[in-house]
Amino acid sequence: MKLSNKTASLILALIILVSLGVSTYFEFTKQGFHEDELLTYNLANSSKQLNTDGWNSPEDFNEYLAVTGSHRFDYAQVYENQIIDASHPPFYYALVHTVCSLFPNVFNKWLAYSINAVMMTISLILLFKIGKRVTDNNLYALIATGGYALSIACVTTTIYLRMYATLTMFCLAFLYLTLKIYDKGRDVRFYDFLPVILVVLLGVLTQYYFILFAGLTGLVFLVLQIKNKAAKSLVLYIVTALFGAAVAMLIYPYIIENVLGGNRGLGSLDMSIDMITIVTYLVYKLATYIQILAKDLFLGQIWLLALCTALAIGFGVFFRFVKKRKLPQKSLFIVIPGLVYFVVISLLSPFNSDRYVMASLPLISMMYVFAFIRIFGLFRQSGVRAVMPISVLLASALGFAVVTPYYTYGKTNLYNPQTKNCLFVGTAMLEWNKCIDKFMLYDDTMIVQTTDMSPTLASELESFAEKRGIVTNGKITAFADAYMNNGDVDRAQDDSMGRIATDSELNSLDEVTVYISRLADSDKVIDYITQNTELKNHELIQADYSFDEFYNWYDYFVETESYCNVYRFYK
């Protein structure tokens, strides 16, 4: 069945509208923020430092996250914040700052979400164009685009308020430009390469994983152009891509330092780990990412992922060696960047989380859809062939019925404060970052720090790892220590607990909500409060969650409702 370009454009527009509608629905249901989502706003908008040894008002927290009237379109501050953070380049934060500058003194989830919605709209258009260039068939490209657009993977990427939707767009844009240049063969002109400079420049300045994706795409282009003896096209492609990367480094020369080290926990940690711990940990990482892939694209069912993979590989062998039909060369532009990026990032990512592989998921989804289109193409009956698009639609609908996208949260009652004031007790890890949006609901919030760490955390981490097959040999605790200190073993361990006993405002209260970080020794904190204030009674408002509710210990630490035991203390 052939579709005209006009009909295909109308269907594509409908697919995008439905996808954005679903994502917007889940954004409405989203309650709270991931810690990194709060950092998105802080790093994009503010140089404000909170009072971590005393009281903060809702206005203080809002200024920490929102653009103030005097700092609208202050891109120098955005740039400086990224230098201090030393984790990511500045372009995405500049986008967030631009949108927030249009709404000064406002903090809400919709500002960053609007950027994601635009980026995912462009991504779906690019995915369709990529599919059409690979198959030369509008219908096939639409089915593949719909399969991703109506997946948990797409919705999750859209509602997570970080740079990964923007990264996905630039990765797909680079792949599309590469395919476009490849299709022109020897008829290519110099101006065809100019967009490559811009995409590489902005891609590198968005997220460093773009470099890996572009490298894998460029490798496929290199091999095929050498095979096709297209030297002029190859040279211009390499020169323009490298020029774009060089300009990015001139704009933000901290790229090399960030990529090679930075403050991403293990990046600057010097410790010796035995080989069996490394091997079992990497196996666990791959297994975790397979679980993520199953949830994002296969209804959360690993057996379904395994079955579809076996069928795709089995029929691939059948087509190649029985039917003597090779895969089109251009299919390598989907398979190699998609699969290799997924596997490499699975092994190298600082923590196990779906966000790190989001940029590869459109291509992985397309790869499976095209594989099954090929399989169903063996049947001549039109009714059988119609099973493919119908199956995609049913799987998508069923997916949202049985799987909840990541980053929606909504399991807490902490957004309904039981007292007017709040006390947060944390450690040098600055855990208050994870709870700012909830602190904004109180009249005043006092932040203090303790050096008394949880006596059970190390054993909990070891047990968590060992249950997942890692031979820890006591090293997982060291991994956690690296995370908690961001690789900085000399981080100051200030203790401001004495403020609880001496602060007049706190001691004038009849009741207060107290957040106690899981990194802190809860028993000692509770004893200190009851012994040094008139707040002798306490009741648990919400208990911290257990490791078993998370697939990865890192997300256990940074999810919005986890991380703290929360109490109401009263006289």
Classify the side-chain pair [X]/[Y] by whether it contains a donor and acceptor separated by less than 3.5 Å.
X    : Y    : result
Y570 : T419 : no
S504 : N507 : no
D521 : Y528 : no
T445 : K438 : no
T427 : E431 : yes
Q542 : T412 : yes
T40  : R162 : yes
Y113 : N108 : no
W55  : D503 : yes
Y406 : R355 : no
Y289 : S349 : yes
D495 : T451 : yes

Would you say [X] and [Y] make side-chain contact, with heavy atoms under 4.5 Å?
X    : Y    : answer
R568 : H538 : no
F28  : W110 : yes
T156 : D354 : yes
T533 : I500 : yes
I516 : V514 : yes
M163 : F91  : no
I115 : T166 : yes
S346 : V357 : yes

For atom CD of E539, is the number of surrounding heavy atoms from other residues, nucleotides or ligands below 6.0 Å larger than 12?
yes
Over 12 non-hydrogen atoms of neighbours within 6.0 angstrom of CZ in F73
yes
Once rounded to the nearest 0.5 Å, what's the spacing between atom [atom1] of [X] and atom [atom2] of [Y]?
X    : Y    : atom1 : atom2 : answer
I302 : K295 : CD1   : NZ    : 12.0 Å
L167 : T206 : CG    : OG1   : 7.0 Å
Q207 : L212 : CD    : CG    : 10.5 Å
E63  : L50  : CD    : CG    : 9.0 Å
L286 : L293 : CG    : CG    : 11.5 Å
I159 : T24  : CD1   : OG1   : 10.0 Å

salt_bridge([X], [Y]) N-O dist < 4.0 Å:
X    : Y    : answer
E37  : K30  : yes
K571 : E534 : no
R518 : D544 : yes

Does the ring centre of F107 sit less than 6.0 Å away from the ring centre of F33?
yes
Ring pair (Phe, Tyr, Trp, His ring centres under 6.0 Å) assessment of Y252 paired with Y79:
CA-CA 9 Å; Y252 193 69; Y79 190 95; 5.4 Å; yes
Quick one, L509 with V512, criterion side chain to side chain contact (heavy atoms under 4.5 Å, CB included). Give me CA distance, side-chain angles, the key distance, then yes/no.
CA-CA 7 Å; L509 299 176; V512 65; 4.2 Å; yes
Donor-acceptor check, side chain of K536 to backbone of T530, threshold 3.5 angstrom: yes or no?
yes
Do S496 side-chain atoms and Q449 backbone N/O form a donor-acceptor pair below 3.5 Å?
yes
Would N258 and Y208 count as a side-chain hydrogen bond (donor to acceptor under 3.5 Å, both in side chains) if you check the C-alpha gap in whole Å, the side-chain angles of each, and the deciding distance to 0.1 Å?
CA-CA 9 Å; N258 290 171; Y208 299 130; 2.9 Å; yes
I251: which residues meet the side-chain contact (heavy atoms from CB on, under 4.5 Å) condition with it, sequence neighbours left out?
L201, L205, V247
Before giving the answer on side chain to side chain contact (heavy atoms under 4.5 Å, CB included), spell out for N105 and T68 the whole-Å C-alpha distance, their side-chain angles and the decisive distance to 0.1 Å.
CA-CA 5 Å; N105 303 310; T68 59; 4.2 Å; yes
Closest non-hydrogen atom pair, [X] against [Y]:
X    : Y    : answer
L38  : I436 : CD1-N, 4.2 Å
S19  : C154 : OG-SG, 3.6 Å
G399 : I152 : O-CD1, 4.1 Å
V99  : S114 : CG1-OG, 3.9 Å

Determine, stepwise, if the pair Y41 / D437 fulfils side-chain hydrogen bond (donor to acceptor under 3.5 Å, both in side chains).
CA-CA 11 Å; Y41 286 92; D437 60 313; over 6 Å; no
Here's a test for you: under ring pair (Phe, Tyr, Trp, His ring centres under 6.0 Å), which of F61, W432, F439 qualifies with F424?
F439
Could you walk me through whether Y75 and T98 satisfy the side-chain hydrogen bond (donor to acceptor under 3.5 Å, both in side chains) test, starting with their C-alpha distance in whole Å, then the side-chain angles of each, then the deciding distance to 0.1 Å, before giving a yes or no?
CA-CA 9 Å; Y75 297 104; T98 301; 2.6 Å; yes
Side chain to side chain contact (heavy atoms under 4.5 Å, CB included) for L361 and Y148? Distances and angles first, verdict last.
CA-CA 8 Å; L361 297 180; Y148 172 72; 4.3 Å; yes
Kindly indicate, with the supporting measurements, whether the criterion side chain to side chain contact (heavy atoms under 4.5 Å, CB included) is fulfilled by L519 and S454.
CA-CA 5 Å; L519 298 185; S454 167; 5.8 Å; no
